[in-house]
Protein chains: 2
Amino acid sequence: MSLKKYHHGDLKNALIQAGIKILAKEGIGGLSLRKVAQKAGVSHSAPYAHFPDKQSLIAAISTEGFKQLYAELDIAVSPYSNNPRRQLAEGAWAYVQFAINNTDTFNIMFSGVLEKEKDYPAFVEISRKTFERVVDVVRVCQEAGVLRPAPPEMMAISVWGQLHGIVSLMLEGQIPHTVLDRFSVREIVFFALNQLISPPQ
Amino acid sequence: MSLKKYHHGDLKNALIQAGIKILAKEGIGGLSLRKVAQKAGVSHSAPYAHFPDKQSLIAAISTEGFKQLYAELDIAVSPYSNNPRRQLAEGAWAYVQFAINNTDTFNIMFSGVLEKEKDYPAFVEISRKTFERVVDVVRVCQEAGVLRPAPPEMMAISVWGQLHGIVSLMLEGQIPHTVLDRFSVREIVFFALNQLISPPQ
DNA sequence: GTCCAAATCTTGACACCGTCAAGATATTGT
DNA sequence: ACAATATCTTGACGGTGTCAAGATTTGGAC
């Protein structure tokens, strides 16, 4: 945590950043501890001073991804705190954008690459916090009649699940091109979201 | 394709079956070509006579998974061809059951493990066929007024995405236990699905 | 039936990987 | 100043995907 440099400086963060870059450039398959170490300019087993194993580095990268996702959701949503419908739409679109613009990070966060998430408190915490944020938006929407009355967590899972499912299938190439030729991603996403939303007025 | 045995017998299928077993027992992390070869009783590079690389074996396993998923969907849906609402419900639940009962196969099929799906025609074909089946069910539901009028492919993506997203988040441990304590998986799934369905009558 | 080309499988090697042990080096607290 | 600790290096281990070379089996042409 100190700003002062010793052997390397803040190697722990350097490793995380190197990992994020490699992930973005070469995908999950190209992400190895040894490559991360090399990119940070240290020997192949230097990372073991900061991470007990590869899973732990992956957990740190995933946690960073969640922090970024949370931040982007917050930025998208905050300006419209008095317009629940708009807030939901902007948040939803921000989620989709994040997934598309950070495919591999998104995959590492949500695709079973991290095997025992509950072992990593920071990951659990930011993931819980993100879900709470979604629940809050959903609750406001319900109070404004934009979403139907129901337990807000339940409705939040419907909304989040809807977005998450569609964008996952899209990234996986499971949406046939016969569909993608006729409709834009935006149309698909908002058509689905609108199924959950009560008609205006 | 011949039923006759030569060196091993139908090694290609034996490798796929061995892979499926290892996948179910040890997860994706435990799936290696060498282990698959050993389980099939051949040397470590025998698989290269049938699969150009590991991705290709994974594609074959994924394809097998899709065939099973298609079969289970079909079995669940067929008995109710004159009851669209029931058909949708049974199909949806079958999808969720498949994901829960075959976590790792499901992950290999949908979680970016297979990197260039379009290179594997059999995979593309069964995946397309499965989507078409969903579209058919959706279309019937629309004609019966169970689902709202819209381009059927669009509505199919909404339904499939909804289910896929919820079950993915669940498998990933992203649904907080505070929610899982209060609601069963069945309640969560059908609450979400009901958001998409027009009220009866 | 014989023989040859192709398919199938084995052996051995290579570079890369995650991980660990032993030791070197720098930092921190006393 | 020194001892305890954190950090990093070197070197090793078994496991991995992949390839090349060669052995073995098969199926078809004659």
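As rounded to whole Å, 13 Å separates atom P of dT7(D) from atom CG of N13(A). Rounded to whole Å, the distance from CD1 on I22(A) to C1' on dC16(C) is 14 Å. Atom CD in Q38(A) sits about 12 Å away from atom P in dG18(C), given to the nearest Å. Distance OH (Y48(B)) to P (dA23(D)): 22 Å, rounded to an integer number of Å. Put simply, NZ on K12(A) is 16 Å from C1' on dC8(D), counting in whole angstrom units. Between the CD atom of Q55(A) and the P atom of dG18(C) there is a distance of 11 Å, given to the nearest Å. If you measure from atom CG of L33(B) to atom C1' of dC16(C), you get 15 Å, rounded to the nearest angstrom. Put simply, CG on L31(A) is 10 Å from P on dC17(C), counting in whole angstrom units.
Within the 4.5 Å cutoff, side-chain heavy atoms of H164(A) are placed close to those of Y95(A).
Between the side chain of E172(A) and the backbone N or O of G112(B) there is at least one donor-acceptor pair closer than 3.5 Å.
In this structure, the nucleotide among dT7(D), dG17(D), dG12(C) sitting nearest to the side chain of H50(A) is dT7(D).
Under 4.0 Å is where a charged nitrogen must lie from a carboxylate oxygen, and between R182(B) and E187(B) no such pair does.
No hydrogens or angles were tested; on distance alone, nothing pairs the side chain of H44(B) with the base of dG15(D) as donor and acceptor under 3.5 Å.
When the nearest nucleotides of DNA chain D are assigned to G41(A) and R34(A) by heavy-atom distance, the more 5′-ward of the two goes with G41(A). Between A49(B) and S45(A), the residue anchored closer to the 5' end of DNA chain C is A49(B), taking for each the nucleotide with the nearest heavy atom.
Contact annotation for K35(A): backbone-only contact, meaning every heavy-atom pair under 4.0 Å involves sugar-phosphate atoms and none involves a base.
A distance of 5.5 Å separates CD1 of I108(A) from CD1 of I61(A), quoted to the nearest 0.5 Å.
Ring-plane geometry between F131(B) and W160(B) is classed as tilted, the angle between the planes lying from 30 to 60 degrees on a 0 to 90 degree scale.
Regarding contacts with the backbone of dT16(D), a side-chain N or O of S32(B) is found under 4.0 angstrom from either OP1 or OP2.
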